[in-house]
Amino acid sequence: MKETANRGKGKTLLISAGIEIMLIICIMAANLNPMPILYFIFYNLLYGLVFSLLIPLYCLYKENGASVSGRVLAEVGFKKLGIRQWGVLAAFVVFSVGGQLIPKMAVGEQIQWHLLPMGIVPLIMTTFFEEFLFRGFVQSQIDRQFGWVPAILVSGAMFSLYHLGYPGFRTWEDILLLFAVGVGFAAAYKISGNNLIVSFFVNLPNAFVTYILKYEQFPVMRASSTIATAVTLVLIGLILLLYRNADQRRQ
């Protein structure tokens, strides 16, 4: 029994490490030659749909088995919001967004708000993939097998290190800062009762603010990015809808 449990733990770590490596490779490939079609293939399809969504869903489905109905999406955190969740969400958003904006506004620094519209749709997609993978899948799995402290640290570390794929985020300062940010998102997920909606809406405003403050470190956002991302978001919705319907038929 103990040997089986240890094999399960090793498998979880191996899958997580493998996905992390593939994320970095796909993002590097997308930014190496950012032609719209190549970027869409490597970033939206491979990094996003395949490694951040479909593989985790498949792993959870195989783990739960056909005898367990309707648990897969709930296990990654698709849950209703209650008073506790709204409180966690409000507290973390005020802290993270206010902590970035207030000091700059206090000294009269100009905020590039005009950049935000072009980044809204792409950042919604990227934030979903981050939260689904690093919090919904990795953190939940490691929490159950190793405990909540290792889960938060591993989730934060994976969130930080996957940014090595982006050319603008390869300094030690950025990686350490992103680790702290990732730990914060992981803490919000845990405190909220592993609610993916909370961690998504904690991350999203932070992504918006980080983009307008550090836009030069991000991939260039164009109209083609918005169109490609809109297509990807539709595909995400269809995948989750099909998965939910499949779970309901198994009940």
Side-chain angles (χ1 to χ4, degrees), residues 2-30 42-65 68 71-79 125-166 169-170 174-196 198-200 202-203 207 236 239-240 243:
K2 185 176 180 180
E3 184 178 347
T4 302
N6 288 335
R7 282 202 301 268
K9 291 180 179 180
K11 183 179 179 180
T12 297
L13 294 176
L14 185 62
I15 291 172
S16 299
I19 291 176
E20 179 84 341
I21 292 169
M22 293 310 301
L23 295 188
I24 295 171
I25 291 173
C26 289
I27 295 170
M28 288 178 66
F42 284 107
Y43 193 79
N44 295 43
L45 297 185
L46 292 178
Y47 148 68
L49 289 175
V50 173
F51 292 108
S52 297
L53 181 63
L54 291 175
I55 290 178
L57 279 174
Y58 175 77
C59 291
L60 290 170
Y61 182 85
K62 293 291 287 185
E63 178 186 334
N64 283 323
V68 182
R71 283 186 52 194
V72 174
L73 293 183
E75 207 170 297
V76 296
F78 285 99
K79 305 172 184 176
M125 179 195 73
T126 303
T127 298
F128 172 80
F129 288 141
E130 289 176 350
E131 292 310 306
F132 188 92
L133 175 62
F134 298 126
R135 256 61 71 179
F137 177 64
V138 172
Q139 185 174 338
S140 295
Q141 295 289 95
I142 293 180
D143 191 341
R144 187 171 62 255
Q145 297 179 359
F146 295 92
W148 66 271
V149 173
I152 287 176
L153 294 176
V154 170
S155 176
M158 287 185 64
F159 172 79
S160 172
L161 292 175
Y162 109 97
H163 282 84
L164 289 172
Y166 297 99
F169 291 91
R170 292 177 184 166
D174 282 323
I175 296 301
L176 290 174
L177 176 60
L178 287 165
F179 173 68
V181 171
V183 167
F185 296 157
Y189 181 71
K190 178 62 179 179
I191 295 171
S192 69
N194 289 9
N195 193 302
L196 193 69
V198 170
S199 63
F200 174 80
V202 166
N203 188 343
I236 291 171
I239 290 168
L240 295 179
Y243 216 86

**OP:** Over all heavy atoms of both residues, which pair between Val138 and Met158 is shortest? Give the atoms and the distance, please.
**Re:** CG1-SD, 3.7 Å

**OP:** Please test Leu161 against Phe179 for side chain to side chain contact (heavy atoms under 4.5 Å, CB included), starting from the C-alpha separation and ending with a verdict.
**Re:** CA-CA 8 Å; Leu161 292 175; Phe179 173 68; over 6 Å; no

Original post:
Do Phe132 and Ile236 have side chains that get closer than 4.5 Å, going by heavy atoms?
Top reply: no

Subject >> Any side-chain heavy-atom pair of Phe137 and Ile19 under 4.5 Å >> reply: yes

**OP:** Determine, stepwise, if the pair Ser199 / Leu196 fulfils side chain to side chain contact (heavy atoms under 4.5 Å, CB included).
**Re:** CA-CA 5 Å; Ser199 63; Leu196 193 69; 3.9 Å; yes

Original post:
Can you tell me how far the CG atom of Leu178 sits from the CG atom of Leu164, to the nearest 0.5 Å?
Top reply: 9.5 Å

**OP:** Could you tell me the separation between the CZ atom of Phe159 and the CD atom of Glu130, rounded to the nearest 0.5 Å?
**Re:** 4.5 Å

Subject >> Heavy-atom pair with the smallest gap, counting every atom of Ala151 and Asp143 >> reply: CB-N, 3.4 Å

Original post:
Can you tell me how far CG of Leu54 sits from CD1 of Ile239, rounded to the nearest 0.5 angstrom?
Top reply: 4.5 Å

Original post:
Nearest 0.5 Å, what's the CD1-OG1 distance between Ile142 and Thr12?
Top reply: 7.0 Å

**OP:** Applying ring pair (Phe, Tyr, Trp, His ring centres under 6.0 Å), name anything that partners Tyr189, two or more places apart in sequence or on another chain.
**Re:** none

Original post:
Hey, do the aromatic rings of Tyr162 and Phe134 have their centres closer than 6.0 Å?
Top reply: yes

Original post:
Are the side chain of Ser160 and the backbone of Gly156 linked by a donor-acceptor contact shorter than 3.5 Å?
Top reply: no

**OP:** Please report the closest heavy-atom contact between Phe129 and Leu49, naming both atoms and the distance.
**Re:** CZ-N, 3.8 Å

Subject >> Heavy-atom pair with the smallest gap, counting every atom of Lys79 and Asn194 >> reply: NZ-O, 3.4 Å

Subject >> Working for side chain to side chain contact (heavy atoms under 4.5 Å, CB included), residues Val181 and Phe185 >> reply: CA-CA 6 Å; Val181 171; Phe185 296 157; 3.4 Å; yes

Subject >> Atom of Ser155, atom of Gln139 and distance for their closest heavy-atom approach >> reply: OG-OE1, 3.4 Å

Subject >> Contact check, side chains of Val76 and Val72, non-hydrogen atoms, under 4.5 Å >> reply: no

**OP:** Calculate, to the nearest 0.5 Å, the distance between atoms OH and CD1 belonging to Tyr47 and Ile25 respectively.
**Re:** 15.0 Å

Subject >> Non-neighbouring partners of Tyr43 that pass side-chain hydrogen bond (donor to acceptor under 3.5 Å, both in side chains), sequence neighbours left out >> reply: Thr126, Tyr166

Subject >> Minimal non-hydrogen separation, Glu20 against Ala157, with atom names >> reply: OE2-O, 4.3 Å

**OP:** Sequence neighbours left out, what passes side-chain hydrogen bond (donor to acceptor under 3.5 Å, both in side chains) with Asp174? Give chain and number order.
**Re:** Thr171, Gln217

**OP:** Evaluate side chain to side chain contact (heavy atoms under 4.5 Å, CB included) for Leu45 paired with Val50, printing each intermediate quantity in order.
**Re:** CA-CA 6 Å; Leu45 297 185; Val50 173; 5.5 Å; no

Subject >> Pairwise distance OG(Ser52) to CG(Leu57) - rounded to 0.5 angstrom >> reply: 11.0 Å

Original post:
Are the side chains of Gln141 and Ile15 in touch, meaning some heavy atoms are under 4.5 Å apart?
Top reply: no

